[in-house]
Amino acid sequence: MPAHAYRAVIEARGYDDIDPENVWDEWQLARKSLEAEN
């Protein structure tokens, strides 16, 4: 996928992909963010 298309997908859905090399740490950040919204 071209870089410009990837950036368009990220902008359209409103969040970045989780890095598969850093799944646990990024999940913890995402979970805290979701908890803060509720």
Side-chain angles (χ1 to χ4, degrees):
M1 173 183 292
H4 72 277
Y6 175 75
R7 286 189 301 272
V9 169
I10 297 297
E11 285 184 32
R13 71 176 170 201
Y15 58 90
D16 290 336
D17 288 332
I18 290 179
D19 177 1
E21 297 293 323
N22 198 22
V23 172
W24 182 252
D25 291 332
E26 289 195 23
W27 164 242
Q28 295 305 310
L29 291 172
R31 186 178 55 82
K32 288 177 185 176
S33 176
L34 291 169
E35 288 175 353
E37 290 177 8
N38 291 325

* Would you call Arg31 and Glu35 a salt bridge, taking side-chain N to carboxylate O under 4.0 Å as the test? -> yes
* Structure fact -> Tracing side-chain contacts under 4.5 Å among Ile, Leu, Val, Met, Phe, Trp and Tyr outward from Val23 reaches Ile18
* So, for Ile10 and Asp16, which heavy atoms are closest and what is the spacing to 0.1 Å? -> CG2-OD1, 3.0 Å
* **Heavy-atom neighbours of Gln28 CD exceed 12 at 6.0 Å** => yes
* Asked: With clusters built from Ile, Leu, Val, Met, Phe, Trp and Tyr whose side-chain heavy atoms come within less than 4.5 Å, directly or transitively, what are the remaining members of the cluster of Trp24, listed by chain and number?
  -> Trp27
* Which ILVMFWY residues are connected to Tyr15, directly or by a chain of links, through side-chain heavy atoms under 4.5 Å apart? -> none
